[in-house]
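The structure appears below as structure tokens.
Each chain gets a letter, A, B and so on, in the order the sequences are listed, and its residues count up from 1. Just the heavy atoms: all of them, side chains too, but no hydrogens, waters or symmetry mates, feed the values below. None of these values were measured; they are calculated from a predicted model.
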Amino acid sequence: MIKRYFVLFILLLLGMMLLQVVQSYHEHTRLGSLATRYVGEGPKELGAANIVTAVVVTYRGLDTLGEVTVLFISAAGVGLLLRRRKEEAPGEPSDLRTPASELVRTAMDLLFPMVLLLGIYIFINGHLTPGGGFQGGAVMASGVMLLFLALPQAPVSHTLLSLTESLSGFGYVLIGVLGVLLAGGFLDNRIMGLGRYGTLFSAGAIPLIYILIGLKVGTELSSVLERFRR
Amino acid sequence: MYLPVSAIVLTSGLALVLIGLWVMLIRKNLIRMILGFSLIDTGTHMVIVSLGYVTGGTAPILDQAVGTVDAVSKVVDPVPSALVLTAIVIGLGVTAVMLSYAVRLYDQKKSLSIDDCAESKW
């Protein structure tokens, strides 16, 4: 009980500190210098209509490569922690579960391809509309989640998942290196023509990079979900 | 009293951080502690996004409504949005690893209470 009051006291002090942050907060009325540079020059320089995508994929492309690496390492960590013993047959414990209802299974048949398609649509249009590789990959993984809810025993090809993941990761780094050789630096998107501004085939290598990131994130999250299925 | 919308997001984000800390410090159940971490994570995202808001600004995605010429005066700061995009993915990875640790602990001790892990306390 004394611990509870102590924690409450600490949080109260922290809350008072944060209250001063809120009180001294003033909403910005115009963009800072960095943002002005990105918004003003970004569309001309990189050809991407979505400035957030331009920042994520090109201006801060190295951060995104690090982010993809962190996601890869955490997927590998989950795989290491939840690896199956040889003796325990996969699927034996889940036989005790009640099977998914007719409703879920029928909905899965109808929705699974559509969810995958929506994920692909989101990452292909990442340079034009809200969305991108990470969002599209997460939508694809939610389709896989629906598959596991409807059919807990659904067979998943590990070879296909890890092959897609490794190849798209390799392709991402390869495009980055091509940027050094053909354009201004690592992960520069101007290795191919910028195309007509605002169309699907524009913004240089950004759609290509986002397709690879989308595939990588989608397969990584699917394999994480597969590990949690026991 | 007039409250700007970003101040509301900032305040609720900081409140979520405090609630998450409370949950992490008070609850004994591992799953609830991980939920507390997720609350802190979400609260931080809200704080970062609110700091990038510009009065009356719209999303930094250029189309017919927001042309390339006057974009600078019409959109919010794209950098915090990009940072939050990164932070969400990292948070997801960390949560996945924490949940798999919880699964392993449950396999060994058949309990999710942090009190049953007392031998690894010191």
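Ranked by heavy-atom pairs shorter than 4.5 Å toward chain B, the options A:V70, A:V56, A:V55, A:V52 are led by A:V52. In terms of heavy-atom pairs under 4.5 angstrom with chain B, the leader among A:T36, A:L19, A:L14, A:I51 is A:I51. Among A:E220, A:R4, A:E67, the residue making the largest number of heavy-atom pairs under 4.5 Å with chain B is A:E67. Of the listed residues B:V94, B:I90, B:I88, B:L83, the one with more heavy-atom pairs under 4.5 angstrom with chain A than any other is B:I90. Each of B:P60, B:A87, B:S81 has some count of heavy-atom pairs under 4.5 Å with chain A, and the biggest count is that of B:P60. Of all the listed residues (B:D77, B:L62, B:L10, B:L85), the one sharing the greatest number of non-hydrogen pairs under 4.5 Å with chain A is B:L62.
The shortest distance between side-chain heavy atoms of B:V103 and A:L82 falls below 4.5 Å. Using a 4.5 Å cut-off on side-chain heavy atoms (C-beta onward), A:T29 and B:V54 make no contact. Within the 4.5 Å cutoff, no side-chain heavy atoms of B:I61 are placed close to those of A:T129.
The two residues B:S100 and A:V78 make their nearest non-hydrogen contact at OG-CG2, 3.7 Å. Closest approach of B:V75 and A:L31 over heavy atoms only: O-CD2, 3.6 Å. The shortest non-hydrogen separation linking B:G93 to A:S74 is CA-OG, 3.3 Å.
To the nearest 0.5 angstrom, B:L25 atom CG is 11.0 Å from A:L8 atom CG. Of the inter-residue distances, the one linking A:L81 atom CG with B:L99 atom CG reads 11.0 Å to the nearest 0.5 angstrom. Remark: A:F134 CZ to B:T86 OG1 distance equals 7.0 Å, nearest 0.5 Å.
Using a 4.5 Å cut-off between heavy atoms, A:Q135 touches chain B through its side chain atoms alone. In this structure, no portion of B:V17 lies under 4.5 Å from any heavy atom of chain A. Only the side chain of A:R60 comes within contact range of chain B, with at least one heavy atom under 4.5 Å from a heavy atom of that chain. Heavy atoms closer than 4.5 Å to chain B are found in the side chain of A:L221, but not in its backbone. Within the 4.5 angstrom heavy-atom criterion, no atom of A:T64 approaches chain B. For A:L11, the parts sitting under 4.5 Å from any heavy atom of chain B are the backbone and the side chain alike. With a 4.5 angstrom heavy-atom cutoff, A:V22 touches chain B via backbone and side-chain atoms both. For A:L80, no part lies near chain B; criterion is any non-hydrogen pair under 4.5 Å. For a residue to count as touching a neighbouring chain, one of its non-hydrogen atoms must lie under 4.5 Å from one of that chain's; by this rule A:V224 touches chain B with the side chain only.
Annotation for B:F37: atom CZ counts as buried by contact number, over 12 foreign heavy atoms lying within 6.0 Å. The number of heavy atoms from other shown groups lying within 6.0 Å of CZ (A:F72) does not exceed 12. For A:R30, the CZ atom counts as loosely surrounded, since its 6.0 Å shell holds 12 or fewer non-hydrogen atoms of other residues, nucleotides or ligands.
Near-neighbour residues of residues 210-218 of chain A relative to chain B, defined by a heavy atom under 4.5 Å from a heavy atom of that chain, comprise A:Y210.
When atom types are taken as modelled, the side chain of B:T55 and the backbone of A:H28 share a donor-acceptor pair closer than 3.5 angstrom.
Checking B:S6 against A:Y25 by side-chain atom types alone, a donor-acceptor pair falls below 3.5 Å.
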Test log, rule side chain to side chain contact (heavy atoms under 4.5 Å, CB included), inputs B:L18 and A:L18: CA-CA 10 Å; B:L18 286 178; A:L18 294 178; 4.2 Å; yes
Intermediate values then yes/no, side chain to side chain contact (heavy atoms under 4.5 Å, CB included), A:V68 and B:V89: CA-CA 8 Å; A:V68 169; B:V89 176; over 6 Å; no
